[in-house]
Amino acid sequence: MPELPEVETTRRGIAPVLEGARIRELVVRERRLRWPVPRGLEKRLRQQEITALRRRAKYLLLETTVGTALLHLGMSGSIRIVDPKSAPEKHDHFDIVTTQGDAVRFNDPRRFGSLLWGGADPTKHPLLAKLGPEPLDAGLTAEYLHASSRGRRVSIKQHIMNSHCVVGVGNIYASEALFHAGINPTRAAGRLSLARMHRLVNEIQKVLNSAIKQGGTTLRDYRNGNGKPGYFHQQLAVYELEGTACKICTTPIRRRVQGQRATYYCPDCQT
DNA sequence: ATGCGGACCTGTTAGC
DNA sequence: TGCTAACAGGTCCGCA
């Protein structure tokens, strides 16, 4: 999936056809996503005006005059704008069709994505209520990260990937940010100094902003809302680069598993 | 409260 | 060429 830069790129790609438009209909072909698409969502959304398309963490928030629908891309979800009359392809699970004649079509082979109803105040929805700060907002500071990790024995990589701590730092960018910050991903979160947290926050923001600017990372088959691939892949320093020379010291990059996820790092630069 | 493993799925690729 | 196993961008849940 889609890490945060891909979700943000998607949001920017489809916002122009959704914001200010009216929903003609929601067409659901497969309800069995991460959670079942709620029965009756079609009726709820019909004829509603979309006031905004926002993002919170990796959720897209489709705001209408009667409430907000929540859309998550999971690991393999993607969205494209199509002609609503065009034949759906494999794994095209639903369309949001506007009265303007556009369709936002959701495709997700693994079905880890979701489409849910967030109600009138989506910040109160259980999936959103306890999320940590946005990584690119003022809420993520070194002081916050330092304070939130005291006493925690989890590794710093798992800590920054925990959405209750901070949202939007996925598996690729966690490895990348830790590399640029010179921090060993296995280090206990609770033992990192404030100075190192400053560096880490700075690198998280740099790597995410840079990836957004490049249109997201393309691994395998990711495409943004316009069907164009992202270009950040070319700039990855460690992710999926096991055995290649570290760009700083030429030591071979290593791979290990933390919390059942692959981590890539330089054993010499990251301490 | 924290930390860990398992769960949800399909598709691609590496290895035999 | 074909079969099998490992692995993949997320993140919630339940148990110890």
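Keep in mind that the numbers below use all heavy atoms, side chains included, and drop hydrogens, waters and symmetry copies.
- No aromatic stack links A/Phe112 and the base of C/dT11, using centre distance under 5.5 Å and interplanar angle under 30°.
- Distance check: A/Thr263 OG1 to A/Gln270 CD gives 10.0 Å after rounding to the nearest 0.5 Å.
- Not counting sequence neighbours, the partners of A/Thr271 by the side chain to side chain contact (heavy atoms under 4.5 Å, CB included) test are A/Arg196.
- When the P atom of C/dT11 is taken as reference, atom OH of A/Tyr173 falls 14 Å away, rounded to whole Å.
- When atom types are taken as modelled, the side chain of A/Glu134 and the backbone of A/Arg56 share no donor-acceptor pair closer than 3.5 angstrom.
- Between atom CD1 of residue A/Ile156 and atom CG of residue A/Leu145 there is a gap of 5.5 Å, rounded to the nearest 0.5 Å.
- Look at CG on A/Asn162: it is 13 Å from C1' on C/dG10, rounded to the nearest Å.
- Looking only at distances, a side-chain donor or acceptor of A/Arg24 sits under 3.5 Å from a matching main-chain atom of A/Thr99.
- Within residues 148-161 of chain A, the residues that place at least one heavy atom under 4.0 Å from DNA chain B are, in residue-number order, A/Arg152, A/Arg153, A/Val154.
- Annotation for A/Trp35: hydrophobic cluster partners, listed by chain and number, are A/Tyr59, A/Leu61, A/Leu70, A/Leu116, A/Leu127, A/Leu128, A/Leu131, A/Val167 (ILVMFWY side-chain heavy atoms under 4.5 Å, direct or chained).
- Sorted by first and then second residue, the salt bridge (charged side-chain N to carboxylate O under 4.0 Å, His left out) pairs with a member in residues 8-20 of chain A read A/Glu8-A/Arg11, A/Glu8-A/Arg12, A/Glu8-A/Arg55; sequence neighbours excluded.
- In the displayed structure, A/Arg32 atom CZ is contacted under 6.0 Å by at most 12 heavy atoms of other residues, nucleotides or ligands.
- Regarding A/Met75, its CE atom lies at a distance of 5 Å from the P atom of C/dG9, rounded to whole Å.
- The distance from atom CG of A/Leu4 to atom OG1 of A/Thr10, rounded to the nearest 0.5 Å, is 10.5 Å.
- Protein atom CG of A/Asp108 is 18 Å distant from nucleotide atom P of C/dA8, rounded to whole Å.
- With rounding to whole Å, A/Glu176 atom CD is found 13 Å from C/dG9 atom C1'.
- Between A/His72 and C/dT11 there is a side-chain polar atom (N or O) within less than 4.0 angstrom of OP1 or OP2.
- Sequence neighbours left out, not one pair with a member in residues 151-177 of chain A passes salt bridge (charged side-chain N to carboxylate O under 4.0 Å, His left out).
- Comparing B/dA1 with C/dT11, their P atoms sit 23 Å apart, to the nearest whole Å.
- In terms of the ring pair (Phe, Tyr, Trp, His ring centres under 6.0 Å) criterion, residue partners of A/Phe106 (sequence neighbours excluded) are, by chain and number, A/Phe94.
- Only the P atoms considered, B/dC9 is 25 Å distant from C/dC3, to the nearest whole Å.
- DNA chain C lies under 4.0 Å from at least one heavy atom of each of the following residues of residues 255-267 of chain A: A/Arg255, A/Arg261, A/Ala262.
- In this structure, A/Glu8 atom CD and C/dG9 atom C1' are separated by 17 Å, rounded to whole Å.
- If you take CG of A/Asn171 and P of C/dA8, they are 8 Å apart, rounded to a whole angstrom.
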In dot-bracket notation, what is the pairing pattern of DNA chain B, taking Watson-Crick (N1-N3 plus N6-O4 or O6-N4) and G-U wobble (N1-O2 and O6-N3) contacts under 3.5 Å, with [ ] crossing and | for other strands? .|||||||.|||||||
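- Scored by the side-chain hydrogen bond (donor to acceptor under 3.5 Å, both in side chains) test, A/Lys124 finds A/Asp121 as partners (sequence neighbours excluded).
- Taking CE from A/Met161 and OG from A/Ser175, the interatomic distance works out to 8.0 Å, rounded to the nearest 0.5 Å.
- An OP1 or OP2 oxygen of B/dT10 is reached within less than 4.0 angstrom by a side-chain nitrogen or oxygen of A/Arg111.
- For the salt bridge (charged side-chain N to carboxylate O under 4.0 Å, His left out) condition, the pairs that include at least one residue of residues 95-113 of chain A, sequence neighbours left out, are A/Arg29-A/Asp95, A/Asp95-A/Arg105.
- Across all strands, A/Lys90 comes closer than 4.0 Å only to sugar-phosphate atoms, never to a base (heavy-atom distances).
- Within 6.0 Å of atom CD in A/Gln100, 12 or fewer heavy atoms from other residues, nucleotides or ligands are found, so the atom counts as exposed in its surroundings.
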Can you give me the N/O atom pairs linking the protein to nucleotides 12-16 of chain C at distances under 3.5 Å, or say none if there are none?
residue: C/dC12; atom: O4'; partner: A/Arg34; partner atom: NH2; Å: 2.8

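- With hydrogens and angles ignored, the 3.5 Å screen pairs no side-chain donor or acceptor of A/Gln258 with any backbone N or O of A/Ser155.
- Applying the 6.0 Å contact sphere to CZ of A/Arg54 captures no more than 12 heavy atoms from other residues, nucleotides or ligands.
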Considering only nitrogen or oxygen atoms on both sides, find all protein atoms under 3.5 Å from nucleotides 14-16 of chain B and state each distance.
none

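- Residue A/Lys58 contributes atom NZ, which lies 10 Å from atom P of C/dG9 at whole-angstrom precision.
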